[in-house]
Each structure stands twice: as structure tokens, then as C-alpha cells.
Amino acid sequence: LRLKGEDVIMIGGSDEHGVPITLKAKREGITPQDVVDKYHNIIKDSFERFGISFDIYSRTTSETHYETASDFFKTLYVNGKFIEKESEQYYDEVAGQFLADRYITGTCPHCHSEGAYGDQCEKCGTSLNATDLVNPKSVISGSQPVMRNTKHWYLPLDQHEESLRKWILEDHKEWKSNVYGQCKSWLDMGLQPRAVSRDLDWGVPVPVKGADGKVLYVWFDAPIGYISATKELTPDWEKYWKSDDCRMIHFIGKDNIVFHCIVFPAMLSAEGSYILPDNVPANEFLNLEGDKISTSRNWAVWLHEYLEDFKGKEDVLRYVLTATAPETKDNDFTWRDFQARNNNELVAVFGNFVNRVTVLTQKYYNGAVPALGELTDFDRETMLDIPQIVERTEELLNTFHFRDALREAMNLARLGNKYLADTEPWKLIKSDAERVKTIMHISIQITANLAILMEPFLPFTARKLQNMINLGKQDWNICGSMEILAEGHIINEPTLLFDKIEDTEIEAQLSKLAKTKTDNAASTAVANPAKENVSFDDFGKIDIRVGKIIEAEKVPKTKKLLKLKVDTGIDQRTVVSGIAEYFEPEAIIGRQVSILVNLAPREIKGIVSQGMILMAEDANGALHFISPADNIKPGSEVR
RNA sequence: CGCGGGGUAGAGCAGUUUGGUAGCUCGUCGGGCUCAUAACCCGGAGGUCGAGGGUUCAAGUCCCUCCCCCGCAACCA
């Protein structure tokens with residue numbers, strides 16, 4: 001759109017108020033600000049170097065943002081758009097923070113079993129309030145939490161339900177099915193008020209009297225970051241946010257749909273003066289070599305590392321990512337595919353065509369564009385196809401079908417290759433030199449069209465090609481024309497647009513990832529701190545025995561649960577254990593295990609579980625049995 | 001247990017609304033051509049369209065049941 005000369009701004013930024021950031025900072029002994037500074041700069045820099053043309057890439061720790069977010073909150077506050085709720089909440093004095101329900105365990109008031117969570121007792125299935133628990137304990141520090149009064153503000157999403165329903169379900173039927181479906185599901189479930197503040201010390205302070213120690217909840221402040229960033233960009237920001245003829249598009253991943261389609265629009269319409277997003281073409285997820293991408297596990301292709309390993313190949317990654325974008329379902333990025341797409345598509349189709357044309361032009365005409373002579377029917381057909389390809393590409397871009405758009409654009413290079421192959425100028429040059437001039441003239445125009453058409457996808461390559469053919473700055477709208485380069489126009493010496501990527505380079509990347517895997521497995525991720533001391537008497541209450549698994553089967557309709565029959569020496573009992581993701585039932589029959597035999601029985605999925613198999617969890621979350629090193633008799637005590 | 005999206009050739013995808021020869025971009029095998037970093041042309045192999053059942057003259061497409069992957073939901077943003 002921007003190339004078409006429309007008024008477009010692209011806004012982005014780092015959301016820097018997430019809770020994990022504070023945890024990471026604590027772990028590394030630095031401030032949260034240090035953490036976000038580091039990452040913000042890496043990310044920002046990477047975007048720039050890949051030619052992603054954000055007009056501004058901002059951050060939610062900027063001053064403007066603090067102001068904007070505060071003002072936004074205040075506006076809603078004074079207009080009575082919030083519900084204020086005061087509640088008693090458990091507070092962990094050791095950890096110095098309020099506790100979410102599931103960070104509290106205790107004894108269930110109904111069935112008196114231990115280990116009920118603040119929101120639900122898994123034994124009797126009753127849903128609870130944290131305050132109902134007898135003997136509550138903080139999961140974080142193990143200490144006894146105390147009640148403290150805390151006040152929070154809630155955005156009553158339910159009050160916006162009707163307008164959202166109409167806005168999305170009726171006015172935006174064109175949204176992608178994944179987005180539309182997700183929204184419908186939420187709306188049909190009924191919306192609940194959502195707290196917009198939190199008791200934390202990292203974030204935008206709640207700008208109301210008596211709100212010390214409270215910050216805006218991340219999801220509330222983060223989308224406002226879009227507004228802040230626009231403000232930082234231009235004093236004229238309101239025309240983008242407050243005029244009806246401006247279309248706002250959110251480009252996000254599927255995990256963020258609800259925030260951008262429900263919550264943020266609700267905020268905006270509560271405020272009243274802002275426009276709502278026009279479309280939210282959310283993508284699914286991209287995996288890497290079969291596994292979920294994870295920056296914390298270093299399972300990723302870091303852009304700054306990519307740039308070192310593949311200098312000058314920004315466009316190759318852009319191409320591959322666009323061509324395999326997870327627009328309709330999760331997708332997998334593999335280095336083999338990356339290599340294949342580079343070598344077979346960029347090099348062989350696009351690069352090769354340009355090379356053929358420029359080399360022949362140099363050879364026959366010393367780089368001058370020859371005259372267009374008489375046209376054959378085939379010439380005319382070809383020339384008619386070109387504007388059609390351009391038009392289709394444009395249409396696909398406008399409807400966010402980037403993958404298809406790129407394929408369509410590549411069809412122009414395919415068309416060019418076919419045109420050359422069919423007309424065979426290298427043969428005709430010996431017999432009909434006049435005809436060859438026309439052929440080459442047309443081929444050069446196709447090349448010039450490519451130089452413009454590819455710009456949105458491959459900006460670096462497009463510029464390189466524009467230089468090669470001495471094309472000055474061109475309007476996108478000229479694309480499709482057959483008169484971009486006039487007769488006699490001189491083009492430069494041909495150079496290659498793309499290089500082949502060799503197997504060795506791909507293998508290097510693969511072994512890098514393999515190394516990450518082994519590193520992760522080996523890393524003794526910082527061990528959790530020891531829990532509070534227990535008395536010897538308490539310890540003595542625990543009865544752990546060596547047992548032997550005699551039967552094992554999967555519990556139907558669950559992912560994790562196995563139903564085991566264990567010989568404890570004392571008896572044979574049924575134990576339900578959450579290990580099915582790591583062990584096949586058949587494989588563990590006969591296995592010696594450690595079992596806690598005097599744990600209060602508990603009903604799980606309708607099966608009474610009598611005891612607990614002891615497992616060790618490694619850094620990857622995989623489970624390992626705690627078994628005696630030698631084969632000993634079931635019932636032997638573990639002390 | 002609930003909700004949303006997905007499951008189509010070795011890879012990536014379209015086709016499902018409105019049933020009618022299973023297609024596209026690559027890869028692969030054989031042949032042709034050769035200006036070029038081997039494009040283009042011709043021909044071939046490769047699919048139980050996640051599984052099972054049903055409706056129909058006819059099902060990838062409609063109906064039912066189930067399985068698998070990914071998300072959402074239990075105040076995780």
C-alpha cells in the first residue's frame with residue numbers, strides 16, 4: 001500500500017511489562033529495565049536490518065506510553081467505565097506479593113483432603129474460593145499467607161458483549177475463520193469483567209489516589225502501546241486513531257486473538273473516541289524443525305545470528321517465511337526447505353530469468369534496450385498476462401493472502417522463463433536479428449516489472465535489480481506496463497541476484513540446533529530453593545516403599561494419566577499417575593518404583609488413586625522414575 | 001469435560017460454501033532442448049483426501065461417531 005502512495009503507518013513495539021521479565025531479572029540479579037533494554041534493542045535492530053519498515057518500533061516502558069496509558073485509564077475511570085471491587089486476598093509476606101488462587105494450597109473444607117488449590121479441590125471437584133481453604137499455604141514460599149485488603153478495577157466486558165457481537169459476527173464476516181471462530185466462541189460463552197490492575201511493582205502505576213503498589217495489568221497497557229507509539233511518531237496521531245476512514249489492521253499470532261478482537265476493542269469503545277480494528281488476520285504458529293520455537297530454550301533462529309551466517313541473504317529468509325507462513329495452520333520451518341526454496345525457486349526461477357535477460361542484452365546490444373518491432377500473437381498474449389499477474393498479486397496482498405501473493409508474483413518470473421524458452425532468441429539471433437530485438441525488449445520489460453513487483457516481498461533484491469537495470473525510483477502503479485524502460489536505455493553489467501546455498505551451510509545450522517538440544521538436556525537449570533525445614537517427626541510420618549508395577553493402562557480421554565496396579569509388598573493397589581506423556585504402559589510393567597503409600601486416597605477421573613509414584617522431573621519437564629539401583633523386594637522401606 | 005482452527009502425494013498448500021475425472025508450487029524418474037546459477041517442453045511414478053459408519057447413481061465435499069496436532073478456557077499475558 002505504501003508503495004502505491006497511500007498514507008500508511010506501521011506501528012510496532014515491545015511489550016515490556018510481562019511478569020516473566022521480573023522473574024528473569026530477579027534470577028540474573030539485574031533490574032527489569034536492564035532485561036527489556038537488552039531485548040528491545042536486539043529486536044528493534046533485527047527488524048531494521050531485515051527491511052521491515054516500521055515507521056516506529058517503540059516500547060511500553062517509554063515515557064509517552066506511561067502518560068498515554070495513565071490518561072487512558074483516567075478517562076475510563078472518571079467516566080465510570082470500570083467496576084471497582086474490593087476484596088480480601090491472600091498475601092505472601094515472605095515473597096512479598098499477593099497470590100493468585102492457584103498459588104495457594106490447603107485443606108479442602110468439604111472433603112478435608114490435603115492439597116486442594118485455591119480455585120478447586122481436585123478430589124471432590126468442588127470449586128472453591130481461596131478463602132475457604134483450611135490451613136492455606138503459599139506455593140511460592142511455603143509460608144502461611146495472610147489476608148490483606150486489596151482493591152482492583154475491572155473492565156466490564158459483559159457490558160460490551162452486544163456491541164462486540166454485532167461488530168464482529170455481523171459486520172466482519174470476512175475475517176479469517178480462525179479469528180472469527182475464536183471470537184464467536186468467546187462471545188457465545190459470555191464475557192466476564194476482567195481486572196485491569198494488579199499488585200505488582202513492575203508496570204504502569206494505576207493513576208488513582210490510594211493505588212500505591214498497583215500497576216495496570218499487562219494486557220491493559222500493552223495494546224495502548226500502539227497508540228503511544230503513534231504519538232511518538234507524529235503529533236498528527238489522532239488522524240490515524242480517530243477518523244472513520246482510517247483502517248487499522250493488527251498483525252498477530254493466534255494466541256493473541258482474544259486480546260486484539262475482544263478486549264482491546266472493548267477498551268477502545270469504552271473510551272469512545274477511537275476507531276476499532278478493521279481486520280485482524282492472525283496467523284497460526286510456526287515451528288522450527290518440528291519443535292515449538294522457544295527463545296528461553298534457545299530453540300530459535302536468531303536474526304542477528306542469521307545475518308552473520310548468511311550475509312546479504314535477508315531476502316532469502318523473508319521469502320521462505322512468506323512462502324511457508326502459517327496462514328491457515330501451524331507450519332514447520334526446516335533448513336532443508338529453506339535451502340530448497342532458495343536453490344529451486346529464488347536461484348533457478350527468479351535469479352535465473354533475470355540473469356538470462358541481462359546477459360543476453362549485454363551480449364547482443366551492449367546493454368542497450370532494443371527497439372520493439374512487430375508483435376506476434378504470442379507476444380501479445382504474454383504482454384496481456386503481465387498486468388493480470390500484477391493485479392492478482394495486488395488483490396491477494398490487499399486481502400492478506402501473502403503466501404499466495406508471493407507465489408503469484410513469482411509467476412511473473414515463470415512467465416518470463418517460458419517466454420524466452422518458447423521464443424528461443426539465442427537461435428533466432430543467427431537468422432532473424434530484428435525479431436530478437438522485439439523478444440528482448442519484451443523480456444526486459446518483464447524484468448523491470450519484476451523489479452517493482454517484488455519490492456514488498458524482497459526489498460533488498462528489488463533494489464539490487466533496480467540498480468542493475470538502471471531503473472530510477474518508480475511508482476508502484478507503473479507496474480504492469482510494458483514501457484517501463486525506453487528503447488536505448490542502458491542497463492548495467494549483470495550480477496547474480498541469489499547464490500546457491502550449499503549442503504555444508506545447512507548442515508552447520510542443523511548441528512547448531514542439535515547442539516542446543518544437547519545443551520538444554522545437560523543444563524542443570526538453576527535448582528529451586530529448598531523448602532522450609534520440617535521436623536524429624538513430620539518426616540517420619542511419610543511412608544515410602546519400593547513397589548513394582550504389575551499392570552498399566554492408559555486412562556481414557558486423558559493425555560497424561562496412567563492407571564497402574566502396584567505391588568507394594570503390603571498389598572496391591574491402584575495408583576493413577578500423570579506420566580503417560582513419557583511412558584508407554586507396556587514398557588513399564590515389571591518396573592521397580594518408589595511409592596508413597598500413606599498418601600490420602602484421592603479420586604482422579606473417577607478412579608481412586610491410593611498413593612503416589614515418586615518421579616524426578618528434569619529441565620525439559622520429562623519424568624524419570626526413582627527406582628532402587630538393585631532389584632529388591634516390594635515393601636522395602638525407603639528412608 | 002467444554003470451545004476454536006487444522007489433518008489432502010516426499011515437502012508446502014488449494015479444492016469442502018453449491019456432491020460429478022483430486023489439483024497447484026517444489027522435489028523425484030525418463031526423454032527433448034540448451035542463452036542461463038538448467039529454465040522451458042513432453043511423458044511417468046507417487047494419494048485408502050486422519051479412521052469408521054451413513055445418505056446418494058455418485059462423497060475430499062453432506063450427516064453421525066471417533067482419533068491425532070495446535071491454540072483458547074481453570075483471573076498466563
Side-chain angles (χ1 to χ4, degrees), chain A residues 15 17-21 89 100-102 117-120 122 125 127 130 152 154 176-189 192-196 198 217-223 253-259 263 282-287 292 320 323-334 336-337 340-364 401 403-404 406-408 410-411 413-429 436 440 443 494 496-500 557-559 605:
Chain A
D15 159 25
H17 289 137
V19 177
I21 290 168
Q89 253 189 30
D101 286 345
R102 58 178 185 158
Y117 289 100
D119 52 349
Q120 193 182 21
E122 288 183 6
S127 47
H152 284 293
Y154 289 74
K176 288 176 65 173
S177 59
N178 57 345
V179 179
Y180 188 87
Q182 180 85 68
C183 291
K184 185 167 188 312
S185 151
W186 267 72
L187 290 167
D188 288 348
M189 243 182 319
Q192 303 296 321
R194 247 185 123 95
V196 302
R198 253 208 143 177
Y217 220 172
V218 183
W219 64 257
F220 186 84
D221 101 278
K254 66 174 163 185
D255 55 336
N256 257 318
I257 291 173
V258 64
F259 287 94
V263 178
N283 275 337
E284 301 285 304
F285 285 168
L286 184 69
N287 293 324
K292 211 176 275 197
V320 174
T324 60
E327 287 179 0
T328 49
K329 67 176 177 192
D330 289 0
N331 215 335
D332 201 20
F333 176 91
T334 66
R336 291 283 169 208
D337 181 62
R341 286 189 185 274
N342 177 74
N343 292 355
N344 302 328
E345 295 176 30
L346 288 179
V347 173
V349 176
F350 183 18
N352 186 40
F353 170 69
V354 170
N355 193 42
R356 297 169 88 175
V357 173
T358 49
V359 165
L360 289 179
T361 305
Q362 283 299 337
K363 199 193 269 184
Y364 299 156
H401 295 92
R403 200 170 51 190
D404 294 335
L406 176 58
R407 187 180 331 180
E408 190 61 38
M410 284 296 283
N411 279 341
R414 293 194 181 93
L415 180 79
N417 272 321
K418 184 162 160 49
Y419 179 73
L420 279 185
D422 289 347
T423 53
E424 300 183 309
W426 51 91
K427 274 189 183 167
L428 283 176
I429 191 73
V436 173
M440 290 313 298
S443 303
L496 295 179
L497 288 181
F498 303 100
D499 297 311
K500 282 213 169 180
K557 306 205 182 223
T558 64
K559 228 175 10 185
K605 287 278 159 202

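Convention: sequence-line order gives letters A, B, ...; per-chain numbering from 1.
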**Student:** Figure out the CG/P separation between Leu360(A) and U37(B), and round it to whole Å.
**Tutor:**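 Roughly 11 Å, once rounded to whole Å.
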
**Student:** How long is the line joining CG of Leu286(A) and C1' of C70(B), in whole Å?
**Tutor:** 13 Å

**Student:** Just how far, in rounded Å, is P of U17(B) from NZ of Lys176(A)?
**Tutor:**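 Computing the Lys176(A):NZ to U17(B):P distance gives 21 Å.
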
**Student:** In whole Å, measure the gap between the C1' atoms of C72(B) and U16(B) for me.
**Tutor:**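 It comes out at 25 Å once rounded to the nearest Å.
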
**Student:** What are the two closest heavy atoms between Leu286(A) and Pro326(A), and how far apart are they?
**Tutor:** N-CG, 4.0 Å

**Student:** Distance check needed: A11(B) P versus Asn287(A) CG, whole Å only.
**Tutor:**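 In whole Å, A11(B) P lies 15 Å from Asn287(A) CG.
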
**Student:** Which listed nucleotide (A73(B), C13(B), U37(B)) is nearest to the side chain of Asn331(A)?
**Tutor:** C13(B)

**Student:** Could you tell me whether Leu406(A) contacts a base, only the sugar-phosphate backbone, or nothing, with contacts defined as non-hydrogen atoms closer than 4.0 Å?
**Tutor:** nothing

**Student:** Of the nucleotides G4(B), C26(B), C35(B), which has the atom closest to the Gln182(A) side chain?
**Tutor:**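 Out of G4(B), C26(B), C35(B), the nucleotide with an atom closest to Gln182(A)'s side chain is G4(B).
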
**Student:** Can you tell me, in whole Å, how much space there is between the P of G19(B) and that of C66(B)?
**Tutor:**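 Nearest-Å result for G19(B) against C66(B) at atom P: 26 Å.
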
**Student:** Please measure how far the P atom in G12(B) lies from the corresponding atom in G7(B), and state the result in whole Å.
**Tutor:**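 Between the two P atoms, the distance is 12 Å.
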
**Student:** OP1 or OP2 of G5(B) versus the side-chain N and O atoms of Thr328(A): is any pair under 4.0 Å?
**Tutor:**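 No, no such contact exists.
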
**Student:** Does Val347(A) offer a backbone N or O that forms a donor-acceptor pair with the side chain of Asn342(A) under 3.5 Å?
**Tutor:**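 No, because the side chain of Asn342(A) does not come within donor-acceptor range (under 3.5 Å) of the backbone of Val347(A).
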
**Student:** Using heavy-atom distances to pick each residue's nearest nucleotide on RNA chain B, tell me which of Gly351(A) and Thr324(A) is more 5'.
**Tutor:** Thr324(A)

**Student:** Under a 3.5 Å cut-off for both distances, is U17(B) Watson-Crick or wobble paired, and to whom?
**Tutor:** none

**Student:** Using Watson-Crick or G-U wobble geometry with both distances under 3.5 Å, which nucleotide pairs with C33(B)?
**Tutor:** none

**Student:** Rounded to whole angstrom units, what separation is found between the CD atom of Glu424(A) and the P atom of C35(B)?
**Tutor:** 10 Å

**Student:** Who passes ring-ring contact (aromatic ring centres under 6.0 Å, His included) against Phe353(A), sequence neighbours left out?
**Tutor:**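 If we apply the ring-ring contact (aromatic ring centres under 6.0 Å, His included) test to Phe353(A), skipping adjacent residues, there are no hits.
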
**Student:** For Lys176(A) and Glu327(A), indicate whether the former's side chain and the latter's backbone hold a donor-acceptor pair under 3.5 Å.
**Tutor:**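 Confirmed, Lys176(A) side chain pairs with Glu327(A) backbone.
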
**Student:** Can you tell me the distance, in whole Å, between the CD atom of Glu284(A) and the P atom of G7(B)?
**Tutor:**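 Distance, rounded to whole Å: 11 Å.
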
**Student:** To the nearest 0.5 Å, how far apart are CD1 in Ile429(A) and OH in Tyr364(A)?
**Tutor:**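 That separation rounds to 5.0 Å.
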
**Student:** Verify the contact: side-chain N or O of Arg407(A) to OP1 or OP2 of C24(B), cut-off strictly under 4.0 Å; return yes or no.
**Tutor:**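 For Arg407(A), the contact criterion (side-chain N or O under 4.0 Å from OP1 or OP2 of C24(B)) is not met.
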
**Student:** C13(B) C1' sits how many Å from Asn283(A) CG, rounded?
**Tutor:** 14 Å

**Student:** Between the protein and nucleotides 39-44 of chain B, list the N/O to N/O atom pairs that are separated by less than 3.5 angstrom.
**Tutor:**
unit_1	atom_1	unit_2	atom_2	d
A39(B)	O4'	Asn352(A)	ND2	3.1
A39(B)	O2'	Arg356(A)	NH1	3.1
A39(B)	O2'	Asn417(A)	OD1	2.9
A39(B)	O2'	Asn417(A)	ND2	3.2

**Student:** Taking the C1' atom in each of U65(B) and U28(B), what is the distance between them to the nearest angstrom?
**Tutor:** 39 Å

**Student:** If only side-chain N and O atoms of Lys329(A) are considered, is one of them under 4.0 Å from the OP1 or OP2 phosphate oxygen of C13(B)?
**Tutor:** yes

**Student:** Output the rounded distance in Å from CZ (Phe259(A)) to C1' (G4(B)).
**Tutor:** 16 Å

**Student:** Could you tell me whether Lys427(A) contacts a base, only the sugar-phosphate backbone, or nothing, with contacts defined as non-hydrogen atoms closer than 4.0 Å?
**Tutor:** sugar-phosphate

**Student:** Tell me which one of Thr358(A), Leu360(A), Val354(A) satisfies side-chain contact (heavy atoms from CB on, under 4.5 Å) with Pro494(A).
**Tutor:**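 By the side-chain contact (heavy atoms from CB on, under 4.5 Å) criterion, Pro494(A) pairs with just one of Thr358(A), Leu360(A), Val354(A): Thr358(A).
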
**Student:** Ignoring hydrogens and angles, tell me if any N or O in the side chain of Arg403(A) forms a donor-acceptor pair with the backbone of Ala325(A) under 3.5 Å.
**Tutor:**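 Yes, because the side chain of Arg403(A) sits within donor-acceptor range (under 3.5 Å) of the backbone of Ala325(A).
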
**Student:** For Ala195(A) and Cys183(A), find the nucleotide of RNA chain B closest to each by heavy atoms; which residue's nucleotide sits nearer the 5' end?
**Tutor:**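 Checking each residue's closest nucleotide, the 5'-ward one belongs to Cys183(A).
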
**Student:** If a pair satisfies side-chain hydrogen bond (donor to acceptor under 3.5 Å, both in side chains) and one of its residues is in residues 414-424 of chain A, list it, with sequence neighbours excluded.
**Tutor:**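 Only Arg356(A)-Asn417(A), Asp379(A)-Tyr419(A), Asn411(A)-Arg414(A), Lys418(A)-Asp422(A), Glu424(A)-Lys427(A) qualify under side-chain hydrogen bond (donor to acceptor under 3.5 Å, both in side chains).
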
**Student:** Verify, without hydrogens or angle tests, whether Asn287(A) (side chain) and Asp330(A) (backbone) share a donor-acceptor contact under 3.5 angstrom.
**Tutor:**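 Here the side-chain-to-backbone pair does not exist.
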
**Student:** Taking atom P in both A9(B) and C49(B), compute the distance separating them and give it to the nearest angstrom.
**Tutor:**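 The same atom, P, in both gives a distance of 10 Å.
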
**Student:** Measuring to OP1 and OP2 of G4(B), would you say a side-chain N or O of Tyr180(A) lies under 4.0 angstrom away?
**Tutor:** no

**Student:** Only pairs with both distances under 3.5 Å count, Watson-Crick or wobble alike; so what is the partner of A51(B) in this structure?
**Tutor:**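 When the pairing criteria are applied, U65(B) turns out to be the nucleotide that pairs with A51(B).
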
**Student:** Provide the distance between the two P atoms, one in G5(B) and one in A14(B), to the nearest whole Å.
**Tutor:**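 These two P atoms come out 15 Å apart once rounded.
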
**Student:** Which part of the nucleic acid, if any, lies within reach of Phe498(A) when heavy atoms closer than 4.0 Å are counted: base, sugar-phosphate only, or nothing?
**Tutor:** base

**Student:** Using atom C1' of each nucleotide, how far apart are C69(B) and A77(B) to the nearest Å?
**Tutor:** 24 Å

**Student:** Check whether any side-chain N or O of Asn344(A) sits under 3.5 Å from a backbone N or O of Ala340(A) as a donor-acceptor pair, and report yes or no.
**Tutor:**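 Checking the backbone N and O of Ala340(A) against the side chain of Asn344(A), a donor-acceptor pair under 3.5 Å is found.
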
**Student:** Of the candidate nucleotides C13(B), C26(B), A77(B), which contains the atom at the shortest distance from the side chain of Arg403(A)?
**Tutor:** C13(B)

**Student:** With rounding to the closest Å, how many angstrom separate the P atoms on G10(B) and G50(B)?
**Tutor:** 13 Å

